[in-house]
Amino acid sequence: MLLAITQGNLLPLSPSPLPFPRQASSFRAWGCSARRRSPAPFPICAASEYPTPSAPPRRLTRGFSSSSSSPPPQPDHILPDEEEMEEADIGMWIGEGNGEGRGQKKKHLSELSSWGIGGPCRYFLEASSPSQLISAVRYCRARSVPFLIVGKGSNCLFDDRGFDGCVILNRLNSTERTGPGAYRVGSGYPFNRLGVECSRDGYSGLEFAGGVPGTVGGAAFMNAGANGQETSDCIESVQISTTQGWVRVLDRDDLTFGYRRSCFQEMEDLAAILAVTFRLTPSVSALEQQRRFLERRRKSQPLGEKSAGSVFRNPHDSEMSAGQLIEKAGLKGFKLGGAKVSEVHANFFINFDGSTSRDMRGLISLVKEKVHQKFGVELHEEVRYVSYNVIERVR
Ligand SMILES: NC(=O)C1=CN([C@@H]2O[C@H](COP(=O)(O)OP(=O)(O)OC[C@H]3O[C@@H](n4cnc5c(N)ncnc54)[C@H](OP(=O)(O)O)[C@@H]3O)[C@@H](O)[C@H]2O)C=CC1
Ligand SMILES: C=C(O[C@H]1[C@H](O)[C@@H](CO)O[C@H](OP(=O)(O)OP(=O)(O)OC[C@H]2O[C@@H](n3ccc(=O)[nH]c3=O)[C@H](O)[C@@H]2O)[C@@H]1NC(C)=O)C(=O)O
């Protein structure tokens, strides 16, 4: 996650901004290998723990866990050249060279975020095929242009200043049934739609996905879950691309997941999740179950409003959920600028009136502080903060 550098009187406990270098050459896109010895590696830390120069942030180790006994899988194949978009094409798209890129420049991230928050990005591309996405990543890496892959932006808080790099919008929307209960789905496919379609087909495993606003890639990356089900429960394999442009297929046995966690969050050379193959089980009640879950969601969550779903993970050291803690701290409906704690579900924060990222971050900090004061419980963000020029990951 990238972290905003919001400063100010609304956030008395917030650390001050860091003097990060601004030159593109000083940056590395997320996912770069630690072996590359980036001169200014992206600091990784929790949104609430913005690093200070004297306390260097934790490095993001995007790699297979060192405790893993199996070696990293070998590349299965690399896309044939003829399928790749020429680098020059990407340059044209993002506007390098003639400055008249076909890709949209100055796209506002607020348009790509379910919160409706975020300023302009330097370059913007939509990738509708794996080869486009891979070429775009290669292009950015070759020029040290920081890049970011965005799905539905339903778990991201973008910076008011935008993003000083290339935002690649994931439009890998293919879907294919490869056998009974087996679905191979492009990572840009709407997770919500997949949940409804699989349930309608009479397969169980993704009923919870109906109503979840992210993409399949975001769901695998975050291990999205609800109603006792998790994305990882029915993942058979995941196709990824690496920052070097390799395409790999990782089998279930190569992958580790936890509550809102996946090994993808740790992979140092991950460029993007390209596709996910799900294996589901036949069920006559799947559709009914999916509808029940959606109905429950409609009643308990502010679905029509600008939110990012749950702001915090549920704490493992409390019997109460994050929503319960926030409600019991008396914060339901609490407002800060254009941001407020939902009256419907206290773990949903709403952009109700032109909230800035500064408002939202202020609200997040304030709620954390109050809950900690009252219950001694530390809340940790589920949402990921994307700063203008620093990448930070919430653990
Ligand atoms: N249960 C619920 O009701 C809700 C669940 N959610 C879940 O939150 C997640 C958000 O999905 P979405 O809106 O698409 O994601 P976003 O566009 O918000 O991206 C979230 C993060 O996921 C990573 N990511 C997304 N797509 C890819 C990809 N193809 N390859 C690699 N990394 C990727 C990126 O991490 P990085 O920047 O580090 O690369 C990004 O920061 C989903 O899991 C969604 O289901 C969201 C709201 C409500
Ligand atoms: C929305 C998300 O996922 C949601 C998912 O939709 C739901 C449904 O299964 O379960 C989790 O919420 P949750 O733990 O708050 O579940 P809920 O069933 O809504 O609430 C749990 C308990 O808290 C209470 N509650 C909830 C909200 C509130 O304002 N006040 C309150 O007291 C509820 O009454 C219930 O007793 C996921 N959130 C997390 C952080 O695990 C998301 O990840 O973005």
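Not measured: the values here are computed from a predicted model. Whatever order the structure lists them in is the order used to number ligands and atoms, beginning at 1.
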Work out which heavy atom in [X] is nearest to a heavy atom in [Y]; give both atom names and the distance.
| X | Y | answer |
| --- | --- | --- |
| Cys166 | Val145 | N-CG1, 3.8 Å |
| Asp159 | Tyr388 | OD2-N, 3.5 Å |
| Val377 | Leu325 | CG1-CD1, 4.0 Å |

Report task. For residues Val167 and Phe147, determine if any side-chain heavy atom of one lies less than 4.5 Å from a side-chain heavy atom of the other. Result -> no
Query - Side chain to side chain, Val371 and Met320, heavy atoms closer than 4.5 Å - result: no
Does the N or O separation between [X] and ligand 1 drop below 3.5 Å for any pair?
| X | value |
| --- | --- |
| Pro213 | no |
| Asn155 | yes |
| Gly218 | yes |
| Ala219 | yes |
| Ala308 | no |

Would one find more than 12 heavy atoms of other residues, nucleotides or ligands at under 6.0 Å from atom [atom1] of [X]?
| X | atom1 | value |
| --- | --- | --- |
| Arg291 | CZ | no |
| Lys370 | NZ | no |
| Gln373 | CD | yes |

Is it the side chain (CB and beyond), the backbone, both or neither of [X] that lies under 4.0 Å from ligand 1, heavy atoms counted?
| X | result |
| --- | --- |
| Leu148 | side chain |
| Ser154 | both |
| Ala209 | neither |
| Arg297 | side chain |
| Lys152 | both |

Atom indices of ligand 1, in the order listed, that fall short of 4.0 Å to a heavy atom of [X]:
| X | value |
| --- | --- |
| Gly153 | 13 (O), 16 (P), 17 (O), 18 (O) |
| Gly309 | 47 (C), 48 (C) |
| Ser187 | 29 (N) |
| Gly151 | 14 (O), 17 (O) |
| Asn170 | 29 (N) |
| Gly225 | 1 (N) |
| Ala224 | 43 (O), 45 (O) |
| Met222 | 9 (C), 43 (O) |

Any idea which protein heavy atom is nearest [atom], and the distance to it?
| atom | answer |
| --- | --- |
| atom 28 (C) of ligand 2 | Glu327 OE1, 3.4 Å |
| atom 37 (C) of ligand 2 | Arg260 NH2, 3.4 Å |
| atom 9 (O) of ligand 2 | Asn227 N, 2.7 Å |
| atom 41 (O) of ligand 2 | Tyr259 OH, 2.7 Å |
| atom 42 (C) of ligand 2 | Ser310 OG, 3.3 Å |
| atom 29 (O) of ligand 2 | Ala346 N, 2.8 Å |

Nearest neighbour of [atom] from the list [options], on a heavy-atom basis:
| atom | options | result |
| --- | --- | --- |
| atom 20 (O) of ligand 2 | His345, Gln324, His380 | His345 |
| atom 13 (P) of ligand 2 | Ile326, Asn314, Asn155 | Asn314 |
| atom 23 (O) of ligand 2 | Gly323, Ser321, Gly228 | Ser321 |
| atom 29 (N) of ligand 1 | Ile273, Val150, Val311, Leu157 | Ile273 |

**Report entry** Within 45° cone and under 6.0 Å: Lys335 NZ/CZ vs Phe352 ring
**Finding:** yes
Query raised in the report: Within 45° of the six-membered ring axis of Tyr139 and under 6.0 Å from that ring's centre, is NZ or CZ of Arg143 located there?
Result: yes
Report summary line: From the list Arg297, Arg292, Arg298, salt bridge (Lys or Arg N to Asp or Glu O under 4.0 Å) with Glu295 holds only for Arg298
Can you tell me if [X] and [Y] form a side-chain donor-acceptor pair at under 3.5 Å?
| X | Y | answer |
| --- | --- | --- |
| Gln290 | Arg200 | no |
| Asn223 | Ser232 | yes |
| Ser357 | Asp160 | yes |

Distance below 4.0 Å between [atom] and any protein heavy atom?
| atom | value |
| --- | --- |
| atom 18 (O) of ligand 2 | no |
| atom 33 (C) of ligand 2 | no |
| atom 3 (O) of ligand 2 | yes |

Query raised in the report: Would you say Gln301 touches ligand 2, if touching means a heavy atom closer than 4.0 Å?
Result: yes
**Report entry** Any Met222 heavy atom less than 4.0 Å to ligand 2
**Finding:** no
Report task. Measure the spacing between OG of Ser307 and NE2 of His345 and express it to the nearest 0.5 Å. Result -> 10.5 Å
Query - Ala226 to ligand 1, any heavy atom closer than 4.0 Å - result: no
Query raised in the report: Of all the heavy atoms in Ser113, does at least one lie under 4.0 Å from an atom in ligand 1?
Result: no
List ligand 2 atoms under 4.0 Å from [X], heavy atoms only on the residue side.
| X | answer |
| --- | --- |
| Gly309 | 44 (O) |
| Ala226 | 5 (C), 6 (O), 8 (C), 9 (O) |
| Phe312 | 40 (C) |

What part of [X], side chain from CB on, backbone N/CA/C/O, both or neither, has a heavy atom under 4.0 Å from ligand 2?
| X | result |
| --- | --- |
| Phe348 | side chain |
| Glu382 | side chain |
| Arg296 | neither |
| Arg297 | side chain |

Query raised in the report: Where the side chain of Asn347 meets the backbone of Ala322, is there a donor-acceptor pair that is under 3.5 Å apart?
Result: no
Query raised in the report: Is there a side chain to side chain contact (heavy atoms under 4.5 Å, CB included) between Arg177 and Tyr183 once you walk through the steps?
Result: CA-CA 5 Å; Arg177 261 181 78 171; Tyr183 293 77; 3.4 Å; yes
Report task. Give the ring-plane orientation class for Phe191 versus Phe278, where under 30° counts as parallel, over 60° as perpendicular and anything between as tilted. Result -> tilted
